[in-house]
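Reviewing the structure listed below.
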There are 2 protein chains.
Amino acid sequence: MTGTSPLPSTRPAPTARPAAERLMDAAFELFDERGYEQTTVEEIAERAQVSRTTFFRHYRSKEEVIFPRHEVLLESIRQRLATSTERTALIAVSDAVRLVLLSYLEEGDRARNRYALTSRVGALRDREIASGARYQRLFREFISSWVGPASLTALQAELMAAAVVAAHNHVLRRWLRGESDDPVTEVDDALADVVRLFTAPEERVGEPGQGTTVVVLQSDRPLDEVLPALRRAVAGE
Amino acid sequence: MTGTSPLPSTRPAPTARPAAERLMDAAFELFDERGYEQTTVEEIAERAQVSRTTFFRHYRSKEEVIFPRHEVLLESIRQRLATSTERTALIAVSDAVRLVLLSYLEEGDRARNRYALTSRVGALRDREIASGARYQRLFREFISSWVGPASLTALQAELMAAAVVAAHNHVLRRWLRGESDDPVTEVDDALADVVRLFTAPEERVGEPGQGTTVVVLQSDRPLDEVLPALRRAVAGE
DNA sequence: CACCAGGTGGTACCGAGTACCGTCCATCCG
DNA sequence: CGGATGGACGGTACTCGGTACCACCTGGTG
């Protein structure tokens, strides 16, 4: 229509780097330089040497360009849960949530840059939170549908899912803030805490520990009557 | 400039109902009739007999028009926590979260209409979730800063806040779906469960039961060293 | 060569949200 | 009584995210 002669030089140099990656890099750069709201999609596309149209071909929205692909991660977690052979629903979910942490760890500095952004920009923080809620929902549904020896109430499932996600978030944020050098060990410990929290004390007898024995004494009878058994239990038998 | 003669009949009839309420009603009606995305702010303003400008004077965004005033509720909860005289941080927070539930209950059908909307529209659901996260954050900070006999780790604070919010959400959603006739009692029970969950069994001695006393003995130390405390516990003191 | 398919650029359009200005009206005050 | 003041409102113009659609160019295939 306009008759402008199409310049072949407009085409980006054969960078080999796909447009999607160039766009993500440009977005992180610009958000960092000028802030999120102050950066337009037009500017991101310009720096990546593509058109605005192409931006929206690769990312559905301006926010999406900086977030990880939660969809695929969510799906892989769903798979992991479906094929899980753990003994309890809670342990299976605790096992699965590690995948989320590892996914962030693999991103390295990119995840930390994103955290810096989401901390400052309300809209981005809300989106991050909403993503976390989807994992929690998946976990809750999994726990609810779990068929095991002990049946769980809907409330218990809700609490367990929330606890697992909270433990994960706690460790993740520590690492994102640079407060943790070994997030993998930390998340293991935190999840062990969660499992212990939901494990009835009666089931803990003989729990392996550093010379610690936990004993449950249910006593209708005088204490002295059960003392021998108690001593045996504490002794480690 | 345009010279259009200003018609006094343009002015809305002296409805006495404030514009903000008319706008909210109109929004709920239209969202219900045509759906959220299919409704424009222009149409909402039109039905409320005000201009589009006035809409944005009362509500910062199209989403905000259907949501409760979380800001003021959040503030009143902050006050409640600041003046709380409960024995533990967890109980104080459990007490405070009831305010949130009551706030929804007072709305009645309006809250249920909102739930129907947020269930269908992704953007609204995300916003609702983000609001809940703010309560959780407030609770977490409160628990973390709590000074009491037993000091809590950051992880424990995170887990407690998550559990309280999860318990609240569980009961709230049941009520919103019409599955609960007595949400107040339910939330009391659910929060009692949460408190029990985080109460170390050692502290549960004397908990009311059918003539049964349950004692958990966690022993790094020789049994005889803790026997006195044990005798006292079984005795019921 | 013709044909097809995917990646791209360009344009037009919609709607949310912002900035600013002028007007109307109630109230208060001299 | 009349003028000043401030708050609520309507109107216009603008930015920008997001969508729809079309035209093009390229590389592979029969």
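In what follows, chains are A, B, ... by sequence order, proteins preceding strands, each numbered from 1.
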Is it the case that the base of dG6(C) and the side chain of Arg57(A) share a donor-acceptor contact (distance under 3.5 Å, atom types as modelled)? no
Is there a donor and acceptor pair, one atom on the side chain of Arg52(A) and one on the base of dG18(D), closer than 3.5 Å? yes
If the threshold is 4.0 Å, N to carboxylate O, is there a salt bridge linking Asp126(B) and Arg134(A)? yes
Quickly work out the [X] [atom1] to [N] [atom2] distance and round it to whole Å.
X        : N       : atom1 : atom2 : result
Arg60(A) : dA20(D) : CZ    : C1'   : 17 Å
Gln38(B) : dA16(C) : CD    : P     : 11 Å
Phe55(A) : dC16(D) : CZ    : P     : 15 Å
Tyr36(A) : dC16(D) : OH    : P     : 14 Å
Lys62(A) : dG18(D) : NZ    : P     : 8 Å

Between Thr54(B) and dG10(D), does any side-chain N or O lie under 4.0 Å from OP1 or OP2? yes
Side-chain N or O of His58(A) versus OP1/OP2 of dT8(C): is the shortest distance under 4.0 Å? yes
Please name the pair of heavy atoms, one in Leu30(A) and one in Thr39(A), separated by the smallest distance, quoted to 0.1 Å. O-OG1, 3.4 Å
What one should report as the nearest heavy-atom pair of Ala45(A) and Leu23(A) is CA-CD2, 3.9 Å
So which nucleotide from dG10(D), dC9(D), dT19(D) ends up closest to the side chain of Phe56(A)? dT19(D)
Closest to the side chain of Val50(A), out of dG10(D), dT19(D), dG9(C), is dG9(C)
Please figure out whether Glu63(B) or Thr53(B) has its closest DNA chain C nucleotide nearer the 5' end. Glu63(B)
Is the charged tip of Arg110(A) near the ring of Phe28(A): under 6.0 Å from the six-membered ring centre and within 45° of its axis? yes
